[in-house]
Amino acid sequence: MYFAHSLQGDPDYSKWHTLREHLLSTARSSGDYGSVFNSKNAAFICGALHDIGKYCLNFQNYIAKKALKGGDHSLAGAEALEALVTTRSDKIIATILKYAIAGHHAGLADYSELQQRIDRGDHNKADAVWRDEIGTDFGPLSPDFKHISPVKGIPAFQLAFWGRMVFSCLVDADFKDTENFYKAHGQTTADRTWPDLQAHIGALRGQFDAHMAGIAARAAEKPSALNDLRADILAHILGQAERAPGLFTLTVPTGGGKTLASLGFALRHAEAHGLRRIIYAIPFTSIIDQTAAIFRTVLGDEYILEHHASIEDQKFDRKNPREQLSKLRLAMEDWAAPVVVTTNVQFFESLFANRPAKCRKLHNIAGSVIILDEAQSLPVHLLRPSLLALDELAKHYGCTIIFCTATQPAFDKRDLKNGLDLEGRELAPDPAGLAKQLTRVTLVRGGALEDAALIEALGAQTQGLVIVNSRKHALALYQAAQEQGLEGLVHLTTRQYAAQRREILARVREDLKERRPCRVIATSLIEAGVDVDFPRVWRAEAGLDNILQAAGRCNREGKQSAADSIVTVFKPPQHKPPFELEQAAAAFERMARDCNDWLAPAAITEYFRELFWTKGEDGLDQKAILGEFSISDGVAMFGYRTVAQNYRLIESGLTPIIINDSAAVAAVLNRLNSAEASPGKAARDLQTFTVQVPPKDFQKLLSNRRIAYHRADLWGEQFAVLTVVEGDNLYTAETGLIWENADVLGNPII
């Protein structure tokens, strides 16, 4: 008898996980996952063959602790698959599925790397008995693809995307079957089981309707034109929920209630079309908490998964002799929740990932309503592959995708070469008319403003918000304003961890409400959707989308006239913007020469046309992602690993540091002192207590013992915690983490 997994400390073979049971169970689950996007047979066969390399004596000796190594068992299934298929189309598909089977531990490889592994020939050869135990009659492999693009190079991208989705089915099924085996024997605990959206959709819709009825009742006590307009917008959007799934735009100015309206549409649309979950992707972690809190209030905590990208699960350690248990310690999130609130970084980088940890969730994206909040924030340098991926999800994976924003980017094929088919897909009523009705600010150009002049202008206002383009400028401006003794001064950047920013914003809202002095200096994290309402705003030069998002923090509730609600766009001479923002600012300047109404949708479209034209096709795929996928003579030459490495929304490769200054963090770290702890749950619990640091500064902190890995003996380099040294002042609630002088030991930075 052949085994897939043994039991730690139990030599009784009768309790071990048989290889046949593991392969067939994994195959059934993988096939079920793949059936959602018409790929049941392909996903099934990947599950059935992925571990047939364990049908050999050296692996069986290894699992019985009679050998130190078990050999490479993941290539045997890839080779067997090619030998099983007969039709030309299936042979091409088989070459794609080889990546998935061969990479179910190490990840999807580049073609050259995979071929080198095969050519070495030093992998396990499966004993012939696998054919009797597993069978070989699997049926056709090719997916039922429609809408194959005629554009050169795109079909290869589509097939590579499909290969990654099938890989997701395989690795999730593999992990879960292994997890279930150990759970049954008391050697691990499984992650929580989430409720099914369709089983609860009626109740959730009822909760949403009740919540909105409560808002309407409160609004009726203080009638206003704004509340009436919000009600009209909501009714119009909900009335379109039965439209066919696909791509939509939702263009509503700030203050129009688009967050709740998009949730209401998603619930009704999912109910009408049997969709499986709602995924809400947000550009900044700064508003994840806010949005998730709104959704929990409306729907209940048991339905909401909040998933950041702050702490990545540790890479599978192939050197660990307890291989099967190491797989469980990944504890990766599979996005099986009815409602997922996540970041753009987590969502999009997963779509281009190659590691099992990142890809496991992908099959659960199929059949979802995906709301892209602040859609204009998609990085321009990755725009072409990003839009192609979204188009694939809509065309081949049963997804509805909503581009939700006040500043709708020019993604339509009428405005962007090889863009999306968005004509007639707007959900909001008359975006141009809404822009006029919801105009609540006056935009002015302030010219060059030195920091001293800016601080003087801020000091002349009891309440005001300044938004700059970098953490460095924000800190310098804050410290200079401190020296001037400005009252109610607040510093807000990603130097502070998310949970602390949430507390700071709560105090800011209270100060604004009570009309106390409140002068906030922040980076752009405050722009996109953060619910604050200032009478005056200053915004450092940037693109029109940033400027209008900043304007959304001014007179948000319309309590004063537009003439009195000034948003000043200024140039900070001492602080040059990053290159991307500099290009965006230049595109805005060109657009502004011929357009006076910057708030009009036509101006926004023209701005994005200018920006995309400036970049050109190559600039919209700056990392040449599409060039990594090609098919030649029936061979799929895909660069999965290279693409995963190059597709980064945040290019700096920031590294998270845990700030241990609260009882909540101390409790999680204490749990991690036990080998029985779940690192996945701990990572999720710690997400909002981390600060992202540039890699060079991270290494300085590490080498100078200002950070240390918590229980590295158990979890490796997964949980980096800031070390508190008296007098360092590396982290304070006011300034956040100041890492720039981390190489100066024993010398307080402030």
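The figures that follow rest on heavy atoms only: side chains count, while hydrogens, waters and symmetry mates do not.
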Asks: Is it the case that the side chain of Arg277 and the backbone of Trp335 share a donor-acceptor pair, with hydrogens and angles ignored and the cut-off at 3.5 Å?
Replies: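 Yes, Arg277 side chain to Trp335 backbone: donor-acceptor pair under 3.5 Å.
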
Asks: Might you point out which heavy atoms bring Glu242 and His273 nearest each other, and give the distance in Å?
Replies: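 Looking at all heavy atoms of both residues, the closest pair is O-NE2, 3.4 Å.
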
Asks: Quick check: closest heavy atoms across Thr407 and Phe608, and the distance to 0.1 Å?
Replies: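 So the two residues come closest at O-CE1, 3.8 Å.
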
Asks: Looking only at side-chain N and O atoms, does Asp119 offer a donor or acceptor that is under 3.5 Å from a partner on Gln115?
Replies: yes

Asks: Ring centroid separation for Tyr640 and Tyr99, is it under 6.0 angstrom?
Replies: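 Yes.
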
Asks: How far apart are the closest heavy atoms of Met165 and His363, and which atoms are they?
Replies: CE-CA, 4.1 Å

Asks: Taking Asp391 for its side chain and Leu387 for its backbone only, find out whether a donor-acceptor pair lies under 3.5 Å.
Replies: no

Asks: Salt bridge check: are Lys91 and Glu82 linked by an N-O gap of less than 4.0 Å?
Replies: no

Asks: Taking atom CZ of Arg609 as the centre, report whether more than 12 heavy atoms of other residues, nucleotides or ligands fall under 6.0 Å from it.
Replies: yes

Asks: How close do Asp334 and Asn364 get, counting heavy atoms only, and between which atoms?
Replies: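 Closest heavy-atom pair between Asp334 and Asn364: O-ND2, 2.7 Å.
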
Asks: Got a salt bridge between Arg28 and Asp32, using NZ or NE/NH1/NH2 to carboxylate O under 4.0 Å?
Replies: no

Asks: Counting distance only, does the side-chain N/O of Ser350 pair as donor-acceptor with the main-chain N or O of Gln346 below 3.5 Å?
Replies: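 A pair under 3.5 Å: yes.
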
Asks: Would Glu580 and Lys615 pass as an ion pair if we require N to O under 4.0 Å?
Replies: yes

Asks: Could you report the tightest heavy-atom contact between Leu275 and Gly398, atom names first, then the distance?
Replies: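 Closest pair (atom of Leu275, atom of Gly398, distance): CD2-O, 3.6 Å.
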
Asks: Scan side-chain atoms only and decide if Asn38 and His396 contain a donor-acceptor pair under the 3.5 Å cut-off.
Replies: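 No, His396 and Asn38 have no side-chain donor paired with an acceptor closer than 3.5 Å.
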
Asks: Mind jotting down which residue pairs meet the side chain to side chain donor-acceptor pair (under 3.5 Å) criterion with at least one end in residues 132-141? Sequence neighbours excluded, please.
Replies: Tyr55-Glu133

Asks: Is it the case that Ser74 and His50 place a side-chain donor and acceptor less than 3.5 Å from each other?
Replies: no

Asks: Are Asp122 and Arg117 ion-paired here, with the side-chain N under 4.0 Å from a carboxylate O?
Replies: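 A salt bridge is absent here (no side-chain N lies under 4.0 Å from a carboxylate O).
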
Asks: In a check of side-chain contact (heavy atoms from CB on, under 4.5 Å) between Phe411 and each of Leu422, Thr249, Leu247, which one passes?
Replies: Leu422

Asks: Would a 4.5 Å heavy-atom cut-off, applied to side chains only, mark Leu49 and Leu97 as touching?
Replies: no

Asks: Sort out for me which residue in Asp373, Leu372, Leu427 forms a side-chain contact (heavy atoms from CB on, under 4.5 Å) with Phe403.
Replies: Leu372

Asks: What is the minimum heavy-atom distance between Ala100 and Leu170, and which atoms define it?
Replies: O-CD2, 3.6 Å

